[in-house]
Amino acid sequence: QVQLVESGGGLVQAGGSLRLSCAASGRNPGNYALGWFRQAPGKEREFVSAISWTGANTYYADSVRGRFGISRDKAENTVSLQMDSLKSEDTAVYYCAADTGVATRADMWEYWGQGTQVTVSS
């Protein structure tokens, strides 16, 4: 069992930056891949980014590649998502997820946080 708690969401103007963090706890969270998904009103939850359990491999959705950066601190069991050049279409609830492997489908991830709201004003 892994517990995930997100923080760092908020309101930002278009072009601005935010940094999301997710603290993982429970049974061996360092052995899990960690990822970020987002869900806008009326839309399905979509993959944003993920990082392998070693931290050696990172993955990004095309819509955020070059603007977002994912990293993890194995010692602290945290994963961060640095979001730069934010656009209004980035507005969504952002969720942290954990699983033994990386997938772009939300239903492939076992553990989820409660989510944090990111609102980008134009």
Side-chain angles (χ1 to χ4, degrees):
Q1 193 82 353
V2 176
Q3 293 80 44
L4 303 168
V5 178
E6 303 97 337
S7 61
L11 174 65
V12 64
Q13 288 188 331
S17 299
L18 277 176
R19 186 176 181 86
L20 304 183
S21 293
C22 173
S25 61
R27 186 175 180 181
N28 299 323
N31 293 343
Y32 287 79
L34 297 173
W36 290 94
F37 285 74
R38 66 187 181 187
Q39 189 166 18
K43 295 187 176 182
E44 293 187 353
R45 193 168 297 190
E46 66 172 0
F47 173 79
V48 175
S49 182
I51 188 165
S52 61
W53 73 274
T54 64
N57 298 301
T58 58
Y59 309 84
Y60 297 95
D62 289 343
S63 60
V64 306
R65 186 175 288 110
R67 300 188 297 122
F68 291 10
I70 191 170
S71 60
R72 70 185 295 168
D73 185 326
K74 294 278 281 184
E76 297 292 328
N77 287 323
T78 59
V79 60
S80 297
L81 186 69
Q82 177 67 39
M83 305 186 295
D84 298 322
S85 303
L86 283 161
K87 306 175 182 179
S88 57
E89 51 262 45
D90 295 318
T91 295
V93 177
Y94 282 70
Y95 296 90
C96 180
D99 201 86
T100 54
V102 173
T104 57
R105 284 174 48 181
D107 61 358
M108 299 293 287
W109 293 73
E110 184 170 5
Y111 301 106
W112 292 89
Q114 293 299 307
T116 185
Q117 177 71 46
V118 171
T119 303
V120 184
S121 63
S122 57

Checking side-chain contact (heavy atoms from CB on, under 4.5 Å) between Val64 and each of Ile70, Leu81, Leu86, Val48, which is the one that passes?
Val48

Look only at the side chain of Glu6 and the backbone of Cys22, and say whether a donor-acceptor pair between them is shorter than 3.5 Å.
no

The reported gap from CG in Leu20 to OG1 in Thr78 (rounded to nearest 0.5 angstrom) is 12.5 Å

Mind checking whether Gln3 and Val5 have side chains closer than 4.5 Å, heavy atoms only?
no

Val120 and Tyr60: same hydrophobic cluster, using ILVMFWY side-chain contacts below 4.5 Å?
yes

Rounded to the nearest 0.5 Å, what's the gap from OG on Ser25 to CG on Leu4? Could you check?
7.5 Å

Would you say Trp53 has more than 12 foreign heavy atoms packed within less than 6.0 Å of its CH2?
no

Do Tyr59 and Val79 sit in one hydrophobic cluster, given that two such residues count as connected whenever their side-chain heavy atoms are within less than 4.5 Å of each other, even indirectly?
no

Enclosure of Glu76 CD (heavy-atom neighbours >12, cutoff 6.0 Å):
no

Any Lys/Arg nitrogen of Arg65 or Asp62 sitting under 4.0 Å from an Asp/Glu carboxylate oxygen of the other?
yes

Considering all heavy atoms, the nearest Asp90-Arg38 contact:
OD1-NH1, 2.9 Å

Would you list the atom pairs, donor with acceptor, under 3.5 Å between side chains in residues 97-108 and any protein atom, with sequence neighbours excluded?
{"unit_1": "Asp99", "atom_1": "OD1", "unit_2": "Glu110", "atom_2": "N", "d": "2.9"}
{"unit_1": "Asp99", "atom_1": "OD2", "unit_2": "Gly101", "atom_2": "N", "d": "3.4"}
{"unit_1": "Arg105", "atom_1": "NE", "unit_2": "Asp107", "atom_2": "OD1", "d": "3.0"}
{"unit_1": "Arg105", "atom_1": "NH2", "unit_2": "Asp107", "atom_2": "OD1", "d": "3.2"}
{"unit_1": "Arg105", "atom_1": "NH2", "unit_2": "Asp107", "atom_2": "OD2", "d": "2.7"}

For the student: nearest non-hydrogen atoms of Ala56 and Ser52, plus distance:
N-OG, 3.3 Å

Taking the ring of Trp109 and the ring of Phe37, is the distance between their centroids below 6.0 Å?
yes

Spatial distance of atom CH2 (Trp36) from atom OG (Ser80) [nearest 0.5 Å]
7.5 Å

Output side-chain donor-acceptor pairs under 3.5 Å for residues 11-19, partner residues at least two apart or in another chain, one line each.
{"unit_1": "Ser17", "atom_1": "OG", "unit_2": "Asp84", "atom_2": "OD1", "d": "2.7"}
{"unit_1": "Arg19", "atom_1": "NH1", "unit_2": "Gln82", "atom_2": "OE1", "d": "3.1"}

Heavy-atom nearest pair, Ala24 first then Val2, reads CB-CG1, 4.4 Å

To the nearest 0.5 Å, tell me how far Ser49 OG sits from Tyr94 OH.
11.0 Å

Are Met83 and Val118 close enough, and set up right, to give a side chain to side chain contact (heavy atoms under 4.5 Å, CB included), and what steps lead you there?
CA-CA 10 Å; Met83 305 186 295; Val118 171; 3.9 Å; yes

Just say parallel, tilted or perpendicular for the rings of Tyr95 and Trp112, cut-offs at 30° and 60°.
perpendicular

I need the Ile51 CD1 to Arg72 CZ distance, nearest 0.5 Å.
6.5 Å

Can any side-chain N or O of Ser85 pair as donor or acceptor with the backbone N or O of Arg67 at less than 3.5 Å?
no

